[in-house]
Undergrad: 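My questions will all concern the structure given below.
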Protein chains: 2
Amino acid sequence: MADLNNLLTPLFLNEKEIRKIIELMFFSYRDFTSGPDRVLEQIKFGRAHHRVIYFVGKRNNLTIKELLKILQITKQSLSRVLNQLVKEKYIILSIGEDKRTKKLTLSKRGYDLEKKLSNIQINKIYNVIKNFEESDINSFKKVLYKMIDINNQRKFDEIN
Amino acid sequence: MADLNNLLTPLFLNEKEIRKIIELMFFSYRDFTSGPDRVLEQIKFGRAHHRVIYFVGKRNNLTIKELLKILQITKQSLSRVLNQLVKEKYIILSIGEDKRTKKLTLSKRGYDLEKKLSNIQINKIYNVIKNFEESDINSFKKVLYKMIDINNQRKFDEIN
DNA sequence: TATTTAGGTCAGCCATATTGACTTAATTAT
DNA sequence: ATAATTAAGTCAATATGGCTGACCTAAATA
């Protein structure tokens with residue numbers, strides 16, 4: 001690694017400045033998830049449920065395998081959450097063309113919950129970025145994108 | 001809330017673009033924590049231990065109360081993690097001037113672990129931001145900062 | 001026909017968080 | 001001087017979200 005405290009290093013590459021970014025990531029992510037968390041608590045769901053309905057909502061007819069690839073958790077971890085969402089009719093299962101696969105779709109109920117939860121985050125982000133120049137937001141997105149591991153950048157590209 | 005799909009809304013304020021930011025936050029934060037997580041696993045610690053030694057390392061002689069304010073967890077949650085760190089001599093406790101308080105300091109052992117863990121994140125961030133213009137990084141930090149809840153922005157300012 | 005793939009399930013474990021109740025010792029306010 | 005508040009600690013119970021390992025079925029593919 002380069003010597004981050006070298007006098008020739010630009011100021012913004014100093015360890016102190018980088019540690020600020022570490023803290024910005026920690027604090028911003030925590031506040032970013034806290035809104036939906038409070039709503040989820042009331043219906044006895046957790047953050048994991050939000051993630052599932054978020055990505056199912058984004059891509060209807062997602063298979064379990066595709067969902068696991070996005071979430072990067074084990075199928076055992078997913079199963080508890082997914083079974084609850086299916087049992088409580090937020091998500092509808094159907095058989096795929098390949099009959100081994102199952103397709104996941106949001107019901108109206110699931111769609112409404114997805115909207116309710118994601119809108120909290122969408123509004124929060126909207127209220128932040130509306131006060132910036134488009135160029136600031138583009139920089140923000142570019143940098144955040146590069147913070148993702150290279151193989152997961154590809155996954156992000158696939159779903160977008 | 002404004003209509004995010006209104007034709008007059010700038011493109012970068014569209015719901016679709018905002019959802020990309022949601023996903024960037026999710027993927028980047030996950031990859032941001034995965035490095036330290038793997039190291040912590042080997043010594044039977046978790047992410048919570050990293051947070052504690054991170055902030056103790058940042059501000060030596062931090063009190064329990066101040067630490068709780070930063071982490072925003074209950075003292076019961078902190079106690080398990082902190083007791084382990086003290087028992088295994090990563091953190092040294094001492095009595096404050098106000099004898100009700102305790103001051104937390106990293107031992108050499110704790111300092112070394114802090115460096116080892118944080119350097120993973122520092123290097124990751126360094127390798128990302130070195131390829132950007134300083135203005136991009138400034139935009140990135142400004143936007144991320146505003147993503148923090150207003151009262152927590154103050155806490156960030158206090159420690160920086 | 002054999003192998004691989006998609007999905008499911010059971011059991012047990014661990015980490016991180018919570019709430020509530022209660023204690024001790026020290027400081028501060030009345 | 002006494003009462004109230006504060007900092008810290010502890011016990012117990014609970015929830016969530018992850019994990020590993022083992023094992024199963026049914027469908028697709030080699």
Side-chain angles (χ1 to χ4, degrees), chain A residues 26 29-31 33-34 36-56 61-88 91-104 117, chain B residues 26 29-31 33-34 36-56 61-88 91-104 117:
Chain A
F26 170 59
Y29 191 75
R30 191 178 57 186
D31 290 343
T33 51
S34 64
D37 283 353
R38 277 191 290 272
V39 174
L40 287 157
E41 214 183 359
Q42 292 165 348
I43 52 174
K44 306 243 179 171
F45 280 171
R47 201 177 290 180
H49 298 83
H50 184 195
R51 282 179 199 146
V52 169
I53 62 170
Y54 180 91
F55 287 111
V56 173
N61 292 317
L62 203 65
T63 65
I64 306 255
K65 198 197 174 189
E66 289 165 337
L67 184 54
L68 287 173
K69 196 182 164 192
I70 293 169
L71 297 175
Q72 289 185 191
I73 55 175
T74 59
K75 63 178 173 178
Q76 294 94 323
S77 294
L78 176 60
S79 91
R80 183 174 20 86
V81 169
L82 184 56
N83 285 339
Q84 285 174 298
L85 288 167
V86 171
K87 191 172 288 170
E88 300 185 30
I91 284 182
I92 312 290
L93 294 182
S94 60
I95 305 286
E97 291 146 59
D98 179 338
K99 286 174 189 162
R100 289 172 305 179
T101 66
K102 286 184 182 166
K103 292 180 169 181
L104 310 177
L117 295 170
Chain B
F26 170 60
Y29 192 76
R30 191 177 57 185
D31 290 344
T33 52
S34 64
D37 283 353
R38 277 190 292 273
V39 174
L40 287 157
E41 213 182 0
Q42 293 165 350
I43 52 173
K44 307 240 177 173
F45 280 170
R47 200 177 291 178
H49 299 82
H50 184 196
R51 281 178 202 149
V52 169
I53 61 169
Y54 179 92
F55 287 110
V56 173
N61 291 317
L62 203 65
T63 66
I64 306 253
K65 199 199 174 188
E66 288 165 338
L67 184 53
L68 286 173
K69 194 181 163 191
I70 293 168
L71 297 176
Q72 289 185 193
I73 55 174
T74 59
K75 62 179 175 179
Q76 294 94 323
S77 294
L78 176 59
S79 91
R80 182 184 27 89
V81 168
L82 184 55
N83 287 338
Q84 286 173 298
L85 288 167
V86 170
K87 191 172 287 169
E88 299 184 30
I91 284 181
I92 312 291
L93 293 182
S94 61
I95 305 287
E97 291 145 58
D98 178 338
K99 285 171 188 164
R100 290 172 304 179
T101 66
K102 285 185 182 166
K103 290 180 169 181
L104 310 177
L117 295 171

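Chain A is the first sequence line, chain B the second, and so forth, proteins listed ahead of strands; every chain is numbered from 1.
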Undergrad: Answer yes when A:E97 and A:K103 have at least one side-chain N-carboxylate O distance shorter than 4.0 Å, and no when they do not.
TA: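 A salt bridge is present here (some side-chain N lies under 4.0 Å from a carboxylate O).
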Undergrad: Do B:K65 and B:K69 come close enough that some side-chain heavy atom pair is under 4.5 Å?
TA: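 The answer is no; the side chains never approach within 4.5 Å.
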Undergrad: Measure CG/A:D37 against P/C:dA17 and give the value in whole Å, please.
TA: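 Value for this atom pair: 12 Å.
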Undergrad: Does B:R51 use its side chain to pair, donor to acceptor, with the backbone of A:F26 at less than 3.5 Å?
TA: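 Flag not set: sc B:R51 to bb A:F26 has no pair under 3.5 Å.
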Undergrad: Does the side chain of B:T74 get closer than 4.0 angstrom to OP1 or OP2 of C:dT18 through an N or O atom?
TA: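 Result: yes.
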Undergrad: Round to a whole Å and report the spacing from CZ of B:F45 to C1' of C:dA15.
TA: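 It is 13 Å, rounded to the nearest whole Å.
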Undergrad: Report yes if a side-chain nitrogen or oxygen of B:H49 is closer than 4.0 Å to either non-bridging phosphate oxygen (OP1 or OP2) of C:dT16; otherwise report no.
TA: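 So the side-chain polar atoms of B:H49 do come within 4.0 Å of the phosphate oxygens OP1 or OP2 of C:dT16, strictly under.
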Undergrad: Reading DNA chain D from 5' onward, which residue's closest nucleotide shows up sooner: A:G46 or A:K99?
TA: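 The 5'-side residue here is A:G46.
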Undergrad: What pair of heavy atoms forms the shortest contact from B:K102 to B:L93, and how long is it?
TA: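 Heavy atoms of B:K102 and B:L93 come nearest at CD-CD1, 4.3 Å.
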Undergrad: Working to the nearest 0.5 angstrom, can you tell me the gap between A:S79 OG and A:I64 CD1?
TA: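 Spacing of OG (A:S79) from CD1 (A:I64) equals 9.0 Å.
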Undergrad: Between C:dA17 and B:R51, is there an OP1 or OP2 to side-chain N/O distance shorter than 4.0 Å?
TA: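 Checking C:dA17 against B:R51, a side-chain N or O does come within under 4.0 Å of OP1 or OP2.
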Undergrad: Taking the side chain as everything from C-beta on, heavy atoms only, tell me whether A:L78 gets closer than 4.5 Å to A:L68.
TA: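 A:L78 reaches A:L68 side chain to side chain.
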Undergrad: Rounded to the nearest angstrom, tell me the gap between atom CG in B:L78 and atom C1' in C:dT18.
TA: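 Going from B:L78 (CG) to C:dT18 (C1'), I get 14 Å.
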Undergrad: At 4.0 Å (heavy atoms only), tell me whether A:R80 reaches a base, stays on the sugar-phosphate, or touches nothing.
TA: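 A:R80: base contact, heavy atoms under 4.0 Å.
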Undergrad: In whole angstrom, give the distance that lies between atom NZ of B:K44 and atom P of C:dA15.
TA: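 Rounding to the nearest Å, NZ of B:K44 and P of C:dA15 are 8 Å apart.
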Undergrad: Measure across B:R30 and B:T33 and return the closest heavy-atom pair with its distance rounded to 0.1 Å.
TA: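 Scanning both residues completely, I find the closest heavy atoms to be O-OG1, 3.0 Å.
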Undergrad: Kindly assign one of parallel, tilted or perpendicular to the pair B:H50 and B:Y54, based on the angle between their ring planes and the thresholds 30° and 60°.
TA: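 It falls in the perpendicular class, over 60°.
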Undergrad: One character per nucleotide, please: for nucleotides 6-12 of chain C, 5' to 3', B when the base has a protein heavy atom closer than 4.0 Å, S when only the sugar-phosphate does, - otherwise.
TA: SBBBB--
Undergrad: Check every nucleotide of DNA chain D for an atom under 4.0 Å from a heavy-atom of chain A, then give the first and the last such nucleotide from 5' to 3'.
TA: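 Result: D:dT16 to D:dA28.
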Undergrad: Taking the side chain as everything from C-beta on, heavy atoms only, tell me whether B:L104 gets closer than 4.5 Å to B:L82.
TA: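 Counting from C-beta outward, B:L104 and B:L82 do come under 4.5 Å.
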